[in-house]
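Here's the structure we're looking at; comments come further down.
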Number of protein chains: 2
Amino acid sequence: MNNTVKLFKALSEEVRLRILGLLMHGELCVCDLMAVLDLPQSTISRHLSYLANAGWLAGERRGVWMYYRFIVNGGTLQQDQLAVLTKHLPQLPAVVRDRQRLEQYMRTKQQTACG
Amino acid sequence: MNNTVKLFKALSEEVRLRILGLLMHGELCVCDLMAVLDLPQSTISRHLSYLANAGWLAGERRGVWMYYRFIVNGGTLQQDQLAVLTKHLPQLPAVVRDRQRLEQYMRTKQQTACG
DNA sequence: CTTATATATCCGCATAGGCGGATATGTCAA
DNA sequence: TTGACATATCCGCCTATGCGGATATATAAG
């Protein structure tokens with residue numbers, strides 16, 4: 001029950017849903033998310049920790065960067081819930097906007113940012 | 001986005017999940033839930049309002065009693081999410097226990113309580 | 001070792017929201 | 001209208017949690 005509540009609590013915050021919406025398309029590091037969401041590093045990092053702790057994300061350090069991606073084998077509830085997110089998150093207007101910003105950002109990433 | 005967050009926020013609390021777990025089996029009134037969950041009336045009523053406001057439940061007054069039940073046509077996200085709940089909530093130990101208490105309560109309802 | 005960069009954590013502050021007793025509202029019966 | 005009961009809302013209290021600047025930690029380069 002506690003874990004179930006935790007899973008849902010993680011989904012009940014706008015910034016976290018936007019982060020998940022961006023990670024649908026593949027892993028990203030903290031600095032990517034800072035750039036796209038235009039939020040302070042501590043805010044991004046805190047939400048990522050929260051999502052990882054709730055069982056949604058796994059982080060992997062690669063050099064100086066921490067890359068976060070979805071866990072795809074986190075129990076049947078998590079998997080079924082992930083399917084719902086996969087279907088519906090990309091349709092939310094805020095997520096669509098974020099994704100456009102992500103594409104724009106990726107085009108200029110080599111010159112300006114991490115990675 | 002706000003509505004989506006609202007939908008998930010409603011799921012991110014233990015008492016509310018337990019209420020939803022009980023309502024899976026059909027509508028119930030406030031006094032039923034008070035008896036089964038053994039919680040004060042104000043607590044039950046507040047959570048029911050929260051769930052109704054979030055788009056999960058509809059309340060119907062029938063005489064002095066308010067009966068609450070799931071909304072089954074609340075948008076595709078709500079429907080898909082409801083399917084996940086229908087599959088997984090009944091498996092949670094706390095929900096199993098509540099349901100046993102509900103059955104016990106229903107057997108003696110005529111003599112002791114509302115309805 | 002020092003520096004630079006990326007990330008995590010700490011801190012104080014502000015708000016959201018849970019709790020349950022008390023009170024208000026609504027409904028029915030007499 | 002009054003009384004009884006079910007439900008909704010109010011209230012003060014308390015905890016959880018979001019925020020973002022400041023600081024600590026980790027890694028790589030020189």
Side-chain angles (χ1 to χ4, degrees), chain A residues 1-2 5-20 22-23 27-54 56-69 105 109-115, chain B residues 1-2 5-20 23 27-54 56-69 94 105 109-115:
Chain A
M1 169 65 84
N2 248 352
V5 170
K6 219 163 148 187
L7 211 62
F8 288 131
K9 248 192 223 302
L11 302 180
S12 66
E13 210 279 335
E14 172 157 351
V15 173
R16 286 197 290 268
L17 283 188
R18 293 172 66 196
I19 288 175
L20 295 181
L22 287 169
L23 292 179
E27 64 177 12
L28 293 171
C29 71
V30 178
C31 61
D32 295 330
L33 291 165
M34 286 175 60
V36 174
L37 295 176
D38 193 26
L39 287 170
Q41 180 265 327
S42 62
T43 297
I44 300 289
S45 196
R46 175 163 30 84
H47 284 302
L48 287 169
S49 295
Y50 199 117
L51 287 165
N53 184 261
W56 280 112
L57 301 181
E60 181 193 346
R61 182 173 283 278
R62 213 171 301 155
V64 188
W65 300 284
M66 279 292 293
Y67 283 83
Y68 285 89
R69 58 173 165 279
Y105 163 80
K109 183 173 167 177
Q110 280 78 355
Q111 301 89 321
T112 59
C114 62
Chain B
M1 169 65 85
N2 249 350
V5 171
K6 220 163 146 187
L7 211 62
F8 288 131
K9 249 191 223 301
L11 302 180
S12 66
E13 210 279 335
E14 173 159 352
V15 174
R16 287 198 289 269
L17 283 188
R18 292 173 67 197
I19 289 174
L20 294 181
L23 292 179
E27 64 177 12
L28 292 171
C29 71
V30 178
C31 60
D32 295 329
L33 290 165
M34 285 174 60
V36 174
L37 295 176
D38 193 28
L39 287 170
Q41 181 263 327
S42 64
T43 296
I44 300 288
S45 196
R46 175 166 29 85
H47 283 303
L48 286 170
S49 296
Y50 199 117
L51 287 165
N53 184 260
W56 280 112
L57 301 181
E60 181 193 346
R61 183 173 282 278
R62 214 173 298 156
V64 186
W65 299 285
M66 279 293 294
Y67 283 83
Y68 284 89
R69 58 171 166 280
Y105 163 80
K109 184 173 167 175
Q110 280 80 355
Q111 302 89 321
T112 58
C114 63

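Protein chains get the first letters and strands the later ones, always in sequence-line order, with residue 1 at the start of each.
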State which residues pass side chain to side chain contact (heavy atoms under 4.5 Å, CB included) with [X]; sequence neighbours excluded, sorted by chain then number.
X: R69(B); answer: E27(B), E60(B), R62(B)
X: S49(B); answer: none
X: A58(A); answer: I71(A)
X: E14(B); answer: M1(A), N2(A), V5(A), R18(B)

When the distance from [atom1] of [X] to [atom2] of [N] is rounded to whole Å, what number comes out?
X: L48(B); N: dA8(D); atom1: CG; atom2: P; result: 7 Å
X: Y50(B); N: dT9(D); atom1: OH; atom2: P; result: 15 Å
X: L33(B); N: dA8(D); atom1: CG; atom2: P; result: 11 Å
X: R18(B); N: dG18(C); atom1: CZ; atom2: C1'; result: 15 Å
X: D32(B); N: dT7(D); atom1: CG; atom2: C1'; result: 13 Å
X: E27(A); N: dT7(C); atom1: CD; atom2: P; result: 12 Å
X: M66(B); N: dA6(D); atom1: CE; atom2: C1'; result: 11 Å
X: W65(A); N: dA6(C); atom1: CH2; atom2: C1'; result: 8 Å

- [ ] Using a cut-off of strictly less than 4.0 Å between a heavy atom of the residue and any atom of DNA chain C, enumerate the qualifying residues of residues 37-44 of chain B by number.
- [x] P40(B), S42(B), T43(B)
Task: Considering all heavy atoms, the nearest Y68(B)-L23(B) contact - done: O-CD2, 3.5 Å
Open item on the list: Can you give me the closest heavy-atom contact between L48(A) and I19(A), atom names plus distance?
Closed with: CD2-CG2, 3.9 Å
Could you please name the option among [options] that lies closest to any side-chain atom of [X]?
X: S45(A); options: dG18(D), dT9(C), dT17(D); answer: dT9(C)
X: H47(B); options: dC19(D), dG18(C), dG17(C); answer: dG18(C)
X: E13(A); options: dG18(D), dG18(C), dT9(C); answer: dG18(D)

Open item on the list: As a quick check of understanding, evaluate side-chain contact (heavy atoms from CB on, under 4.5 Å) for W65(A) and D32(A), giving each step before the final call.
Closed with: CA-CA 10 Å; W65(A) 300 284; D32(A) 295 330; over 6 Å; no
TODO: Measure the shortest side-chain to side-chain distance between L7(A) and W56(A) over non-hydrogen atoms and say whether it is less than 4.5 angstrom.
DONE: yes
Open item on the list: Please encode protein proximity along nucleotides 25-30 of chain C as a string of B, S and -, counting only heavy-atom distances under 4.0 Å.
Closed with: -BSS--
Show every donor-acceptor pair shorter than 3.5 Å between a side-chain atom in residues 40-47 of chain A and any protein atom, with sequence neighbours excluded, or say none if there are none.
unit_1, atom_1, unit_2, atom_2, d
T43(A), OG1, R46(A), NH2, 3.4
H47(A), ND1, R16(A), NH1, 3.3

Examine distances only and state if a side-chain atom of [X] and a backbone atom of [Y] form a donor-acceptor pair shorter than 3.5 Å.
X: N53(A); Y: Y50(A); answer: no
X: K9(B); Y: S12(A); answer: yes
X: D38(B); Y: A35(B); answer: no

Open item on the list: Over the length of the helix from dC1(C)-dG30(D) to dA30(C)-dT1(D), how much do the five-pair end axes diverge, rounded to 10 degrees?
Closed with: 20°
Task: Side-chain donor/acceptor contact of R46(B) with base of dG18(C) under 3.5 Å - done: no
